Chemist: 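Below you will find the structure I want to go over with you.
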Amino acid sequence: MTQPFVYLDHNATTPVRPEVLEAMLPWLGPRFGNPNSAYRLGQEARKAVEDARAQVARLLGAKPEEIVFTSCGSEADVLAIAGAAHRAHERSKGAKKHLITSAIEHDAVREALRVLEKRGFEATTVGVDAHGRVDPQDVRRALREDTILVSIMHANNEVGTIQPVGEIAAACREKGVLMHTDAVQSAGKVPIDVGALGVDLLALSGHKLNAPKGVGALYVRQGVRLTPVITGHQEKNRRGGTENVASIVGLGRACELAAAELDRHAAELSALRKRLEDGCLKIPGSRVNGHPTLRLPNTCHVAFDGIEGFQLVVALDLEGVCVSAGPACSTGAVDPSHVLAAMGCDSRWCVGALRISLGWGSTRADVDRLLALLPGAVEKLRRVGAAT
Ligand code: PLP
């Protein structure tokens, strides 16, 4: 896209911040050493990777040695889930084979569990309430003697609802069950302290917090052992493959910036979001989805009666505004998102859903531009819909 555009889809991906790019560039140029090489060119790359590990750890209140770099958030989720499942299954000689998850997880987690189920593992899926929140009692009730791991996301990517991960982790700990949380959407947006949360495993992704695509990290609490998904000796035998030095450096810098600015940024984004939601709700036949207070500060999920969210996305794109309908609609067919379906959302609201997600660089002017376009766009789609 060459024209200026308004980007309001930060839950899909985020722009790389200039400070992050600047930190990365030397590692894509003259400082190209392999961090596993003994000579100085390699050892300076090793130092850069270890510095980044400390930066990521600081964002999470973790120890640097508890951070494993991966190729993305999905890989971090898979390493946590499949790595824990296979390890426990092997150690228990097949006796342990049960996992628990929620109905609103990202496909990274859903698919990892689906693959395990095909291989003989069993999974229980707990539901959510109308705000998209898991009840920790449901997880408690689902725990079994043979449960290996519970995987419940920290915050949902569509509606932004924040889950009671601390309470769920406490229930897991009582039973000696591992707790993994997918924090891909929450890392850098809300404070995270892995010690206070009590989780054993936590996944994050670079491209959701202003680092590049193709890099992620998994927090692995000291003492937790996983069967690697990619075998090899890097990352202390936890993830093979020569480290992606430049992207890891970028992830570290992005985490450092996010940690320093988190409180101010969250306050600014929630003020902007309030302006956005107040404006959206002035449109007749509209509503906001997700938890009223326990929600990511950047995420606004609105629904408009009588239209298709996908068509609204197209109409706004023609005006240079990028937002998302989530997976609510696919070319003509009404295919409600599994998240909205789990929340018991009536199909007419599911179809007209729009996810607007703010982030670094979002301004009041961006919000006002969208608010100037929305009423007309919604009305036009309703008129066209009524005529057909
Ligand atoms: N988990 C959640 C909640 C996400 O929103 C995403 C990406 O949208 C992922 C995992 C996957 O992250 P990545 O794109 O880095 O693989």
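Sequence positions, counted from 1, serve as the residue numbers for this chain. Atom set for the values below is all heavy atoms of this structure, side chains included, hydrogens, waters and symmetry mates excluded. Because the structure is a prediction, the values reported are computed rather than measured. Both counts, for ligands and for their atoms, begin at 1 and track the order of listing.
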Chemist: Which of these passes side-chain contact (heavy atoms from CB on, under 4.5 Å) with Q234: V49, N36, V68?
Modeler: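 Running side-chain contact (heavy atoms from CB on, under 4.5 Å) over V49, N36, V68 with Q234 returns exactly one hit, N36.
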Chemist: Within the 3.5 Å criterion, strictly below it, is a donor on D182 or S151 matched to an acceptor on the partner's side chain?
Modeler: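 Side-chain D/A pair, D182 to S151: absent.
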Chemist: What's in the same ILVMFWY side-chain cluster as W360, cut-off under 4.5 Å, chained through other members?
Modeler: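 The other cluster members (ILVMFWY side chains, heavy atoms under 4.5 Å, direct or chained): none.
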Chemist: Name every donor-acceptor pair, under 3.5 Å, that has one atom in a side chain of residues 368-379 and the other anywhere in the protein, sequence neighbours excluded.
Modeler:
unit_1: D368; atom_1: OD1; unit_2: R275; atom_2: NE; d: 2.9
unit_1: D368; atom_1: OD1; unit_2: R275; atom_2: NH2; d: 3.3
unit_1: D368; atom_1: OD2; unit_2: R275; atom_2: NH2; d: 3.1
unit_1: R369; atom_1: NH2; unit_2: E319; atom_2: O; d: 3.4

Chemist: Apply side-chain contact (heavy atoms from CB on, under 4.5 Å) to N244 and list each qualifying residue two or more places apart in sequence or on a separate chain.
Modeler: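 Testing N244 for side-chain contact (heavy atoms from CB on, under 4.5 Å), a comparison that skips the adjacent residues, returns S247.
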Chemist: Side chains of K189 and Q185: do they bring a donor and an acceptor to under 3.5 Å?
Modeler: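 Yes, Q185 and K189 have a side-chain donor paired with an acceptor closer than 3.5 Å.
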Chemist: Write out each pair where an N or O from ligand 1 and one from the protein are under 3.5 Å apart, with the distance.
Modeler:
unit_1: ligand 1; atom_1: 1 (N); unit_2: D182; atom_2: OD1; d: 3.3
unit_1: ligand 1; atom_1: 1 (N); unit_2: D182; atom_2: OD2; d: 2.6
unit_1: ligand 1; atom_1: 5 (O); unit_2: Q185; atom_2: NE2; d: 2.8
unit_1: ligand 1; atom_1: 8 (O); unit_2: H106; atom_2: NE2; d: 3.3
unit_1: ligand 1; atom_1: 8 (O); unit_2: K208; atom_2: NZ; d: 2.6
unit_1: ligand 1; atom_1: 14 (O); unit_2: H207; atom_2: NE2; d: 2.9
unit_1: ligand 1; atom_1: 15 (O); unit_2: G73; atom_2: N; d: 2.8
unit_1: ligand 1; atom_1: 15 (O); unit_2: S205; atom_2: OG; d: 2.6
unit_1: ligand 1; atom_1: 15 (O); unit_2: H207; atom_2: NE2; d: 3.4
unit_1: ligand 1; atom_1: 16 (O); unit_2: S74; atom_2: N; d: 2.9
unit_1: ligand 1; atom_1: 16 (O); unit_2: S74; atom_2: OG; d: 2.6

